[in-house]
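Below: one structure, written as structure tokens.
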Amino acid sequence: MTQTSVSLALAAITFILSVIWGMPFIRILRRWRVIEARPSAPGVDSLTMGGLLFVLPIALLTVLLNFTGTIGLTGLGLSTLLPLGTLLAYTVLGSWLDWRRMRGKTRRGKADLPGLAGQAVIAAVITYALYYLLDAPEMFFPFYEGEIELGFWYLPVAVLLIVGTPSALQVSSGVDALAGLLAATAFASYGAIGLIQGQIFIARFCFTVVGALFGFLWFNIKPAMLHMGRTGTYALGSTLAVIALMSGQWPMLALIAVVPMLEIFSLMLQWLVERISPGRKVFRLVPLHAHYEVAGWSTTQVVQRFWLINLLFAVIGITLSQV
């Protein structure tokens with residue numbers, strides 16, 4: 001089988017696993033009343049912590065294939081252990097934050113300082129592993145031949161990327177299926193880059209994530225039966241950032257994940273304008289998808305149009321990563 005075929009086969013396996021165990025998982029969440037009120041739908045409670053639905057199949061398949069590699073078969077490779085560790089560490093952190101929010105330990109709209117501190121500590125450990133243990137390429141940039149060395153500046157940039165990407169994806173999770181589609185597109189894009197660069201094991205890991213996300217979307221399309229919560233957005237966002245850093249093509253993340261980046265930018269811009277000139281607004285409502293919902297777009301239109309825009313920019317990002 002070609003490397004592309006193997007990657008797609010892994011995606012199919014995690015898709016099937018996620019779909020099969022989706023309904024039992026949803027029943028477990030209902031039994032434990034893992035629910036959270038949604039500001040986008042006042043008076044409606046929804047199941048959260050749905051990120052566990054796709055994290056467990058990803059972890060299971062990755063561990064099994066790495067085990068087969070230790071006995072002489074072709075597995076996913078040891079290079080997947082860092083993104084897998086990132087996925088699991090941020091899943092634990094996101095689950096803890098979701099649980100605190102459900103129990104009223106944190107207020108919506110307020111900064112969660114313990115959560116932010118936890119993100120920063122984990123990101124610092126991951127950055128150390130990237131820089132000193134894996135010796136990952138520091139940066140590639142379009143039309144520049146060879147690796148660009150950042151030296152000390154690589155460390156704060158990597159930490160900021162690992163901490164910031166989950167927040168950007170979290171902002172996009174307020175609409176059914178949007179965050180899942182955007183994350184699947186981003187991982188598929190870096191999977192394609194991995195195949196082109198010859199980073200076969202990273203490519204396989206990316207497509208393993210894509211398949212599991214498609215399984216999650218089976219239950220997350222409108223009307224959603226559950227939402228990924230911070231359990232999912234933190235796990236996906238941090239892992240995506242690590243994959244981007246491992247490829248050296250992390251500048252392309254601004255294109256490959258353009259919609260989440262615009263979503264978080266809309267929040268920052270609105271906050272800045274309101275501080276400089278009280279009463280003035282750039283958007284009717286933030287984040288960006290809420291602005292268009294207020295303007296009259298249906299949820300389906302928001303999801304489809306935002307995803308199409310992101311898909312177009314992802315293709316541009318893949319293309320620029322090779323020039």
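In terms of modelled atom types and a separation under 3.5 Å, the side chain of H291 and the main chain of R284 share a donor-acceptor contact. In this structure, Y190 contributes its side chain and I318 its backbone to no donor-acceptor pair below 3.5 Å. At least one donor-acceptor pair under 3.5 Å links the side chain of Y90 to the backbone N or O of Q119. When atom types are taken as modelled, the side chain of S247 and the backbone of A244 share a donor-acceptor pair closer than 3.5 angstrom. Between the side chain of Q249 and the backbone N or O of S321 there is at least one donor-acceptor pair closer than 3.5 Å. Looking only at distances, no side-chain donor or acceptor of S277 sits under 3.5 Å from a matching main-chain atom of E274. Side-chain N or O atoms of T14 include one that pairs as donor or acceptor with a backbone N or O of A212 at under 3.5 Å. Without hydrogens or angle criteria, Q270 side chain to K281 main chain gives no donor-acceptor distance under 3.5 Å. Here the side chain of N310 pairs a donor or acceptor atom with the backbone of V259 at under 3.5 angstrom.
Cation-pi contact between R305 and W307: absent, since separation from the ring centre below 6.0 Å together with deviation from the ring axis within 45° is not met.
You'll find the side chain of F207 stays beyond 4.5 Å of the side chain of T4, heavy atoms only. The closest side-chain heavy-atom distance from H227 to N220 is below 4.5 Å.
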- List the steps and the verdict of side-chain contact (heavy atoms from CB on, under 4.5 Å) for T48 and L226. CA-CA 6 Å; T48 187; L226 80 167; over 6 Å; no
- Could you walk me through whether T231 and W96 pass side-chain contact (heavy atoms from CB on, under 4.5 Å), step by step? CA-CA 8 Å; T231 303; W96 176 64; over 6 Å; no
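With E263 as the partner, the side-chain contact (heavy atoms from CB on, under 4.5 Å) test is satisfied by one option alone out of L178, V286, V258, L182: L178.
In terms of hydrophobic clustering, with Ile, Leu, Val, Met, Phe, Trp and Tyr side chains grouped at heavy-atom distances under 4.5 Å, M268 and V163 are assigned to different clusters.
If you check the side chains of W218 and S18, you find no donor sitting under 3.5 Å from an acceptor. For the residue pair S5 and T2, a side-chain donor N or O sits within less than 3.5 Å of a side-chain acceptor on the partner.
Residue-environment remark: CZ (R280) stays at or below the threshold of 12 foreign heavy atoms within 6.0 Å.
Listed here is the closest heavy atom pair of I243 and P83: CD1-CB, 3.9 Å.
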